Amino acid sequence: MDYTSQIGRVNGDVMTQAHEPLNIMDNTPANYSTKTKRGIYLSKYLAIIILVIFALALVTASLLVYNYAACPRQDQLANVTKYELCHCDQTKLLVLPLTTDSSRSVIPIETTTVASVPNVLDLRLPTNVKPEKYYLKITPYIYDGNFTFDGEVSIVIIAVNETKEITFHGVELTIHDIKIYGKEDEQLIEVVKRVEDAPRHFQVLSLGSALEVGKEYVLNISYTGILNDNLHGFYRSSYKDEGITKWIAVTQFQAMDARRAFPCWDEPALKARFTISIARPNNMTSLSNMNIVKNEPHSVLSNYTWDHYAESLPMSTYLVAFTVTDFKNMTNDNFSVWARSKALPSAAFALEIGPKILKFLEEYYKIKFPLPKIDMIALPDFKNGAMENWGLLTFREIAMLYEEGVSASTDKVHVATVVAHEIAHQWFGNLVTPSWWRDLWLNEGFATYVEYVAVDAVEKSWNITEICILDQVHNVFQLDALNSSHQLSVDVSASEETDAIFDKISYGKGSALLRMLNHILTSDVFNAGVTNYLNSKMYGNAEQRDLWSALTTAARKSGDFDADVAVVMDSWTLQTGFPVLTVTRNYENGSVVFTQERFVLINGTFTNKKSPLWWIPVSYTTASEKDFMSTSPKLWLKGEKVLKVDNIDMKKDDWFIANIQQTGFYRVNYDKTNWEYLIKILKDPTRFQEIHTINRAQMIDDAMNLALTGRLDYVTALNVTSYLAHERSYVPWKAGLSALGYIDTMLSKGGNYLEYGNYVLRLLSEAVKEVGWKVNPNESVITSQYRVDLLASACHFEHPDCLENAVRMFTNWVLAPNPDAYNEIHVDVRTIVYCVGVRAGGAREWNFAWDRFKVATAPSERHRLLSVLGCTRSPSLLHRYLEMSLRNDSGIRKQDIVRVFSAVASTAIGQPIAFNFIRANWPRMRSFVSSLSTLNLILKVVTRRLNQAHEYDELQRFVTESCSDLGRPVQQVLETISSNVQWRERNYQTIVDWLLAAEKIS
């Protein structure tokens, strides 16, 4: 899921005036005057005293400026010495005791360092108190040059234990004043000392008297924060409108960044109700989780207005959100979309599909959306794809805006699935929230699973459930095959560990396992259990065992499944990795032996001595049966390594296929004879469609990855792919191109790459001829994506017709009198055409694409151009491109830096340039990016093509010297490259021999 270099200083650049020495004209002889010198004469002693006084005055003034400059309006505000409750419409708002000169408290402050913290990894707050309600007032200063905000918060807390300490979160906040009162008796509790535990972001208050168990108190804090430019917490963003820079202020709090905006108990289990007030410039608009109940003029800032919001339902701090923008909106009943004024029409599709998805999910889970409104806002700068803040969904522009004629059909699918994902979170994550980040998958796995269910329900023609197999099964297998993968339900402590689990495991594997469980239990039983789970934990927190309990109850009630769901599913969520199921047939007596073991990228490298075992649901069919619709398991491996079955009804020469529609999260291997049976039917152009589309894709993906790890010979695996010459369905082709893409990467720096390219072109030839370049009106998104993938591969391997068409279209665009107004290249194939044009051309073509990027306003076109600028073969241009990604004035946004590095590193020419660049500029990049997760992504994309021993040694040295603190993701990178090296040593010659033999046959 972006970062410019040093993004200016928070309070503006400090300008110091240089004083030249008196004898500035060094080459001019000194003039000696005979006149009497005039002036005041001081003794040396007196001069020293004056200098000391002057220096002290400067220090004092500096401290005062630092303390007050960011909040010059504080001392003008009304002096309220204790909290009062007042009624504004139907919502109670807390008037906060604001800091003034007379009321400013003086509390001794201590700051701890890493060495003084007993266990830096222990991030959990003490449980002596818990929050009940927050009353938050925020005033951002967007246009006065210092990019700060004033905050005032009153937190109603309850003492769980008798204690003389209160610990909460707060980081990058300058706290001005703290007061604690008894909620009922209003008795002031003395704050003796405040300790700032910097490594853990703790603020620890030592009290003069103990808090009483069960009693409510009010903690009042006034503070100043930074509107940072690091895309987390409460941060600033900007965009250009008619050449004028417009500034906005927005939030992104997941996972642990609410503490950067206000003092709080920033853990998901510590839910509370929030009443938020935002002071915003009169010409701007604010949004928050709830609806506005009152506006009123600011009593001091004449150009500001207070927006007071209704009290929220109980929710976690990471779901709190607020924005201050000059955006415009469109509304459909209680559903609104917001965007830059010129971009607003592109939000129409999101406004159309959003309410449909909301209505579907309300009916699907039989639980109404509990808030009075939903706002969705498209932001120019946003680190993640989108965020599910309750009632206020925030998006990258590319994830919410779709413009007909400018955005590709795949962009439309992307917008729909992201919108569905975030709306699904309103139930999974917001209504019911994991108790701790170890069960993040209950949020992300569910939202990812439901996005496909919801989009398929409202857009039936897209057939998106088949694409789900590619995105959430095949794609996830790659990461989960690493020893350095992690359990689905995994303990996390340090903040960087929390960031690291926002990965394919939590999203994709979580989704795949829910899909598997749906097929085990049936949809009716599964949905009934999920609804019971949501109802039982509504407005509260849950762990995965709560889900298993609800599903077990629903399953036993149906009478079709009497096992404990926890026993089955814990084997999948509490163990790292996934199994390969090997099917060995006895062709004489008809028996079948099923054997399971963990599938790892490098065999014999289990981190544990004993291989884990899973409860594996086995569905299957045979050549005689051909039943690809019955996906319920016919037998189980119940945590056993080997299972022998004697009563499977099939003929001796039948093929046998396990894991129907790949509903189970595992790979399947067969004995050599069964593979030969499967290859035979696949190669028959008249019969291969007897096998389900998803299972054809499964066989390609399984075979090629089994060969990659040495479990299957490459001759067999490549023979499976050879049937693609007569395949015309998207899902198998996508699986084939992805699997073959690994060989592409491994061979791209070798002498036999041409033979490999010729083999792929032979597979592609007829399919490319049939699909052509013409995009028909109203064709399905599957057909569009099929065309794009085929043509992209054909052009990549320099198919003559493909290159000719692409170069011609790009040249016509370059030569157009007004290329920004005239572009006849269909949006679905623009990425291919642009890339070929830039790759075939030189500096002129690259600069042409760069110029188009600088003036493009549609997010989809900007992203398209960012990707193709890495297609050039010019090393100097690639280096220039990387350099510009780290500059504030280039027009490349922080959020897009990973896209730039990925584009450059995606070719054999660009990869070493990108890798050398990060090694030479790593300290600068760390300062510039300021996000470990982004640095991890950059490192991953620039190293994925490495496959030689000396390259691995260089990477390992770089990691050891510069970035060993990146945690598990960097270990995954090292393991991936190690497997690449081993693959090359083991398989390179085998692949080359097969390709040479295949070329002779053709």
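This is a predicted model, so every value here is computed, not measured.
Partners of Glu296 by side-chain contact (heavy atoms from CB on, under 4.5 Å), not counting sequence neighbours, listed by chain and number: Lys294, Trp306, His308. With sequence neighbours excluded, the residues forming a side-chain contact (heavy atoms from CB on, under 4.5 Å) with Glu363 are Lys359, listed by chain and number. Among residues two or more places apart in sequence or in another chain, the side-chain hydrogen bond (donor to acceptor under 3.5 Å, both in side chains) test is passed with Ser558 by none. Listed by chain and number, the residues in a side-chain contact (heavy atoms from CB on, under 4.5 Å) with Asp307 are Arg280, Ser286, Ile292, Asn295, Thr305, Tyr309 (sequence neighbours excluded). For Ala447, the side-chain contact (heavy atoms from CB on, under 4.5 Å) criterion is met by His421, Ala424, His425, not counting sequence neighbours.
A side-chain donor-acceptor contact under 3.5 Å links Asp627 to the backbone of Ser630. Thr553 contributes a side-chain N or O that, together with a main-chain N or O of Ser549, makes up a donor-acceptor pair within less than 3.5 Å. Judged by distance alone, with hydrogens and angles left aside, the side-chain atoms of Ser571 form a donor-acceptor pair with the main-chain N or O of Trp615 at under 3.5 Å. Judged by distance alone, with hydrogens and angles left aside, the side-chain atoms of Asn291 form no donor-acceptor pair with the main-chain N or O of Lys373 at under 3.5 Å. In this structure a side-chain-to-backbone donor-acceptor pair under 3.5 Å is missing from Glu311 to Thr275. Ser506 places no side-chain N or O within donor-acceptor distance of the main-chain N or O of Trp441, the cut-off being under 3.5 Å. Here the side chain of Ser154 pairs no donor or acceptor atom with the backbone of Tyr135 at under 3.5 angstrom. Distance alone, capped at 3.5 Å, is enough to place a donor-acceptor pair between the Asn695 side chain and the Asn659 backbone. Listed for the Thr325 side chain is a donor-acceptor partner under 3.5 Å among the backbone atoms of Phe327. Proximity of a side-chain donor or acceptor of Ser346 to a complementary backbone N or O of Leu401 within less than 3.5 Å is not detected.
One finds the CD atom of Gln426 at 12.0 Å from the CD1 atom of Ile357 (value rounded to the nearest 0.5 Å). A distance of 15.0 Å separates NZ in Lys734 from CD1 in Ile469, rounded to the nearest 0.5 Å. Interatomic distance, CD of Gln661 versus CZ of Arg515, reported as 7.0 Å (0.5 Å rounding). Atom OG1 of residue Thr433 and atom CG of residue Leu319 lie 6.0 Å apart, to the nearest 0.5 angstrom. For the atom pair CD of Gln252 and OH of Tyr235, the computed distance is 7.0 Å after rounding to the nearest 0.5 Å. Note that CZ of Phe369 is 7.5 Å distant from CG of Asn334, once rounded to the nearest 0.5 Å.
Checked by atom type, the side-chain pair Ser336/Thr331 shows a donor-acceptor distance below 3.5 Å. Between the side chains of Thr285 and Lys328, no donor-acceptor pair is found at a separation under 3.5 Å. No hydrogens or angles considered: a donor-acceptor pair under 3.5 Å links the side chains of Asp381 and Ser237. Side-chain contact annotation: Ser523 with Asn518, donor-acceptor N/O pair under 3.5 Å present. A donor and an acceptor atom, one from each side chain of Tyr452 and Gln472, are located under 3.5 Å apart. Looking only at atom types and distance, the side chain of Ser489 has a donor-acceptor partner in the side chain of Arg438 under 3.5 Å away. No hydrogens or angles considered: a donor-acceptor pair under 3.5 Å links the side chains of Asp570 and Gln544. Inspection of the His519 and Thr631 side chains reveals an N or O donor paired with an N or O acceptor under 3.5 Å. When only modelled atom types and interatomic distance are considered, His474 and Gln662 share a side-chain donor-acceptor pair under 3.5 Å. Between Asp503 and His486, the side chains place a donor N or O and an acceptor N or O closer than 3.5 Å (distance only, hydrogens not considered). In this model, a donor atom of one side chain and an acceptor atom of the other lie less than 3.5 Å apart for Tyr402 and Glu404. For the residue pair Ser511/Thr448, the side-chain donor-acceptor check at 3.5 Å is not satisfied.
The six-membered or imidazole ring of Phe395 lies away from that of Phe382, with a centre-to-centre distance of 6.0 Å or more. For Tyr318 and Trp437, the gap between ring centers is short of 6.0 Å. Residues Tyr666 and Phe578 place their aromatic rings such that the two centres sit no closer than 6.0 Å. A centroid separation of 6.0 Å or more is found between the aromatic rings of Phe428 and Tyr533.
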**Study point:** Test salt bridge (charged side-chain N to carboxylate O under 4.0 Å, His left out) applied to Glu267 and Arg124, step by step
**Key:** CA-CA 8 Å; Glu267 294 185 4; Arg124 303 299 295 272; 3.3 Å; yes
Check your understanding: Can you list the steps and then say if Arg340 with Glu397 is a salt bridge (charged side-chain N to carboxylate O under 4.0 Å, His left out)?
Key -> CA-CA 10 Å; Arg340 294 176 289 114; Glu397 289 188 332; 2.7 Å; yes
Check your understanding: When you look at Phe253 and Thr317, which way does the side chain to side chain contact (heavy atoms under 4.5 Å, CB included) test go after all the steps?
Key -> CA-CA 8 Å; Phe253 291 160; Thr317 49; over 6 Å; no
Check your understanding: Can you check side chain to side chain contact (heavy atoms under 4.5 Å, CB included) on Asn289 and Met315, steps first, answer last?
Key -> CA-CA 10 Å; Asn289 305 86; Met315 64 179 181; 3.6 Å; yes
Review point. When you look at Lys509 and Thr573, which way does the side-chain hydrogen bond (donor to acceptor under 3.5 Å, both in side chains) test go after all the steps?
Key: CA-CA 9 Å; Lys509 185 175 182 178; Thr573 62; over 6 Å; no
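By the 6.0 Å and 45° rule, Lys271 does not stack over the aromatic ring of Tyr539. Within the cation-pi definition used here (under 6.0 Å to the ring centroid, within 45° of the axis), Arg259 does not qualify as a partner of Trp265.
The aromatic rings of Trp572 and Trp614 are tilted relative to each other, their planes meeting at an angle between 30° and 60°.
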Taking distance alone, no hydrogens or angles, what donor-acceptor pairs closer than 3.5 Å link side-chain atoms of residues 385-394 to residues at least two apart or in another chain?
{"unit_1": "Asn389", "atom_1": "ND2", "unit_2": "Leu392", "atom_2": "O", "d": "3.1"}
{"unit_1": "Asn389", "atom_1": "ND2", "unit_2": "Thr394", "atom_2": "OG1", "d": "3.1"}

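Applying the side-chain contact (heavy atoms from CB on, under 4.5 Å) test between Glu459 and each of Ile353, Val781, Ile464 identifies Ile353 as the sole match.
At least one side-chain heavy atom of Trp462 sits less than 4.5 Å from a side-chain heavy atom of Lys412.
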